[in-house]
Visitor: 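Here it is, the structure, as structure tokens.
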Protein chains: 2
Amino acid sequence: MRAVTIRDGELVVEEHPDPVPGAGQVLVRVRAAGLNGADMHQRLGRYPAPPGSPQDIPGLELAGEVSQNGPGATRFEPGDRVMSIVGGGGQAELAVVHERVLMPVPEKLTWPEAGGAPEVFTTAHDAIFTQAGLQPGERFLVHGGAGGVGTAAIQLGRASGAICYATVRNAARHDDVAALGATVLAPEEFTEHGPFDVILELVGAPNLPDNLNALNTGGRIAVIGIAGGAKAELNLGVLMGKLARIHGSMLRYRPLEGKALTARAVERSVLPLLASGSVTVPIAASFPLDEVNAAYDAFTAGGKFGKIVLQI
Amino acid sequence: MRAVTIRDGELVVEEHPDPVPGAGQVLVRVRAAGLNGADMHQRLGRYPAPPGSPQDIPGLELAGEVSQNGPGATRFEPGDRVMSIVGGGGQAELAVVHERVLMPVPEKLTWPEAGGAPEVFTTAHDAIFTQAGLQPGERFLVHGGAGGVGTAAIQLGRASGAICYATVRNAARHDDVAALGATVLAPEEFTEHGPFDVILELVGAPNLPDNLNALNTGGRIAVIGIAGGAKAELNLGVLMGKLARIHGSMLRYRPLEGKALTARAVERSVLPLLASGSVTVPIAASFPLDEVNAAYDAFTAGGKFGKIVLQI
């Protein structure tokens with residue numbers, strides 16, 4: 001099979017042996033694979049894949065057709081459209097995925113949409129609902145509303161009956177994000193629009209003090225990104241006085257059963273919304289496999305609205 | 001009635017008008033009232049009582065007999081032994097408390113034990129179970145194991161099947177704390193004994209970085225005290241990688257319904273343990289009302305094991 005391959009920090013498309021599905025695993029003929037921030041870090045050698053995932057093939061999510069069931073795998077039939085998060089190796093013609101981590105692809109979704117959906121919707125759903133327990137009518141702030149996780153989070157928040165706010169740095173993206181169902185704010189003005197019950201934090205340390213000040217009593221901050229830095233200042237007295245909590249989470253290093261649990265939660269709570277079209281997967285651009293470097297450049301250029309996806 | 005009264009930072013026992021129970025409230029003839037760190041702060045003008053509580057009479061907990069039901073109060077009869085947390089005003093001959101916040105006193109408890117139980121057991125139970133969700137078999141670390149909340153927390157953790165560790169600064173108290181069911185550690189060595197699933201933090205900012213380093217994947221830190229400082233350094237990358245969370249909480253400023261919920265939880269989960277004697281209320285010393293200054297001096301002297309209580 002051909003696969004995006006990291007060679008000394010460069011991305012090339014190389015031949016690899018076809019992977020073989022083990023017990024409970026499924027061989028997937030990948031049709032689309034979304035890009036994520038983690039791929040950029042892994043390319044630079046800073047974010048190794050967990051054990052059991054290919055170390056030199058990036059890609060944290062994929063969508064495609066079931067090619068072959070491994071021993072004991074029974075959830076899907078060859079030809080079924082499936083999608084999933086993976087620990088690595090998504091940006092390849094073939095990938096093996098445990099059947100408990102796979103999800104069916106709603107008919108309405110194109111391959112690029114399906115390839116760009118698992119990581120952002122699983123991340124957003126897990127952080128907002130499983131971790132932070134967002135409730136209908138609560139005030140919900142998303143930092144970085146124009147990115148992949150941001151656009152997923154706003155739509156899931158809106159669909160659940162929360163009152164959504166989003167910070168967006170690029171003024172050219174304000175209307176796109178507002179159309180998803182959020183009141184759009186410039187990053188420097190969010191504290192004036194609190195208090196918020198749940199804050200989804202993708203920027204990291206620089207936002208934490210203001211997040212805490214803008215948090216409602218009983219509020220929750222879900223930290224899922226630290227692009228702006230990791231070392232934050234935290235006033236524990238304010239945290240106590242507000243009966244508040246701060247969650248940190250990531251998907252990649254969770255064990256199989258942890259990833260399977262998130263897949264069941266997304267199947268239950270998110271797939272019906274994608275199937276009906278009330279929630280969509282904004283695609284900024286898709287690139288063929290051989291243009292992987294253009295895809296990564298588009299990702300790192302920033303200012304995009306929605307996902308960058310490889311079509312394979 | 002006579003009551004401990006804060007006059008320009010000094011404690012005196014003064015006459016006050018007898019309080020009158022309002023709708024749903026109960027007039028309690030107080031027999032014992034525990035001292036807490038908050039009383040020390042309030043005496044210095046730094047921790048005002050919430051609206052509706054006496055501003056000049058300290059005391060966050062009490063035990064006594066029901067003297068009179070206010071209009072519509074039906075849970076208790078005159079003469080019943082009751083105890084509760086209060087927003088203030090506990091250190092007085094009489095206090096009015098909403099009936100939903102009161103709890104019955106198990107027969108086994110003496111007045112000093114009952115007067116010293118509500119604050120520490122409610123605080124510990126709420127932080128450990130309601131907030132941090134401690135589970136049987138988890139590894140549980142209590143910072144400050146010799147104090148009131150610490151002794152309560154260790155016993156509740158042990159009774160629930162957790163594996164308990166406690167830091168204790170004063171070596172003379174190690175045996176007392178170990179007898180409660182904890183492996184006792186000097187404060188500087190706790191990181192070597194991790195990872196811990198739940199950490200109960202009473203010291204505050206200085207411990208936070210090491211707490212996070214000693215935390216297990218999926219661990220929770222419950223911050224309920226900041227005697228050592230409020231401004232902490234928090235590495236959000238570590239928080240994410242460990243799928244960890246940090247809770248802040250306090251009881252005093254919660255609304256009536258919040259305090260009533262904690263009382264129901266303590267009635268359900270803690271009173272049976274106090275009634276059977278499997279959990280006890282260590283009393284360091286008790287003082288009559290007129291020796292209130294000696295009681296406060298004993299509290300601030302530190303190094304004690306268990307509660308300091310006024311008998312009234």
Visitor: Heavy atoms under 4.5 Å from chain A: which residues of residues 229-242 of chain B carry them?
Guide: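 Within residues 229-242 of chain B, the residues that come under 4.5 Å of chain A (heavy atoms only) are B:A230, B:K231, B:A232, B:E233, B:L234, B:N235, B:L236, B:G237, B:L239, B:M240, B:G241.
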Visitor: Tell me, with the steps shown, if A:R245 and B:I246 meet side chain to side chain contact (heavy atoms under 4.5 Å, CB included).
Guide: CA-CA 5 Å; A:R245 58 184 210 249; B:I246 302 175; over 6 Å; no
Visitor: Is the count of non-hydrogen atoms from other residues, nucleotides or ligands lying under 6.0 Å from A:R169 atom CZ greater than 12?
Guide: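 Counting other residues, nucleotides and ligands, CZ of A:R169 stays at 12 neighbours or fewer.
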Visitor: Output the option from B:A244, B:G248, B:G225 having the highest count of non-hydrogen pairs under 4.5 Å with chain A.
Guide: B:G248
Visitor: Chain A heavy atoms under 4.5 Å from B:R220: which part of the residue, side chain, backbone, both or neither?
Guide: neither
Visitor: Can you list the residues that meet the salt bridge (charged side-chain N to carboxylate O under 4.0 Å, His left out) rule with B:R264, with sequence neighbours excluded?
Guide: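 For B:R264, the residues satisfying salt bridge (charged side-chain N to carboxylate O under 4.0 Å, His left out) (neighbours in sequence not counted) are B:E267.
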Visitor: Spell out the residues in residues 129-147 of chain A that have some non-hydrogen atom less than 4.5 Å away from a non-hydrogen atom of chain B, in order of number; otherwise answer 'none'.
Guide: none
Visitor: Just to be sure I understand the criterion: a residue of residues 186-215 of chain A counts if one of its heavy atoms is under 4.5 Å from a heavy atom of chain B. Which ones qualify?
Guide: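 So the qualifying residues are A:G204, A:A205, A:L208.
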